[in-house]
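Numbers restart at 1 for each chain; the letters A, B, ... are given by sequence-line order, proteins then strands.
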Amino acid sequence: MKEKELRRSLSVLPIGTVMKLTDLSARQIRYYEQQGLVIPERNEGNRRMYSLNDIDQLLEIKDYLGEGINMAGIRQLYEQQQQKEESAKNKRQQQPLTDADVRRILREEFKAVGGLSDGTTRLSVRNQEL
DNA sequence: CTTCTAACA
DNA sequence: TGTTAGAA
């Protein structure tokens, strides 16, 4: 299924369409770009052209922001995500995660999210409960 | 008409 | 983040 990924990577959507699809303002979309997240291609007229992957990316960012994570935090989660994708290529086949593994990973995620929050939002589950 | 950049009563 | 001006 390489064709599918190719289509999702084609940058063919102008910012106006992205605004409707993501329910984000042009200001926000451009600002997130300045922050180093979702850098769209530019057409001949210097206009931003987004791909379907960019749309997903923006929606993901929107979710994180809704959970009280700031852009600096998203950048870090993003870098961690990219590093995990690389390491995943090496560790071809992995053993299924044990119950203890899941709880350990979950604890790390909450610790990271809690530390990156801006303070206006609080997690409903305390780290100790994990 | 749509989008871009830069700036702020 | 919103909004606005001036240019493309």
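Whole-Å rounding puts the A:Q28 CD to C:dT3 C1' distance at 13 Å. One interatomic measurement links the two molecules: CD of A:E33 to C1' of C:dT1, which rounds to 17 Å at whole-angstrom precision. When rounded to the nearest whole Å, the span between CD1 of A:I15 and C1' of B:dC1 equals 15 Å. Rounded to a whole Å, the CD atom of A:E44 is 13 Å from the P atom of B:dC4. Atom OH in A:Y31 sits about 17 Å away from atom C1' in C:dT3, given to the nearest Å. For A:E41 and B:dC4, the CD to C1' distance is 18 Å, given to the nearest whole Å. Regarding A:M49, its CE atom lies at a distance of 10 Å from the P atom of B:dT3, rounded to whole Å. For the pair A:Q34 CD and C:dT1 P, the computed distance is 12 Å after rounding to whole Å.
The two residues A:P14 and A:V12 come nearest to each other via the heavy atoms CD-O, 3.7 Å. Residues A:I69 and A:L65 approach most closely at O-CD1, 3.2 Å, considering heavy atoms.
Applying the side-chain contact (heavy atoms from CB on, under 4.5 Å) test between A:Y50 and each of A:L21, A:V18, A:T22 identifies A:V18 as the sole match.
One can find a donor-acceptor pair under 3.5 Å joining the base of C:dT3 and the side-chain atoms of A:R27. Not a single donor-acceptor pair, N or O on each side, falls under 3.5 Å between the base of B:dT5 and the side chain of A:R30.
With distances taken from any side-chain atom of A:R47 to the nucleotides B:dC4, B:dT2, C:dT1, the minimum falls on B:dT2. Between C:dG2, B:dT3, B:dT5, one nucleotide has an atom nearer to the side chain of A:S25 than all others, and that is C:dG2.
The side chain of A:R48 places no N or O atom within less than 4.0 Å of a non-bridging phosphate oxygen (OP1 or OP2) of B:dT3. The side chain of A:Y50 contributes no N or O atom lying less than 4.0 Å from OP1 or OP2 of B:dT3.
Base pairing of B:dA9: no nucleotide in any strand meets the Watson-Crick or G-U wobble criterion (both distances under 3.5 Å).
At a threshold of 4.5 Å between non-hydrogen side-chain atoms, the residues A:R42 and A:M49 do not count as touching. Between A:L58 and A:K62 the shortest side-chain heavy-atom distance does not fall below 4.5 Å.
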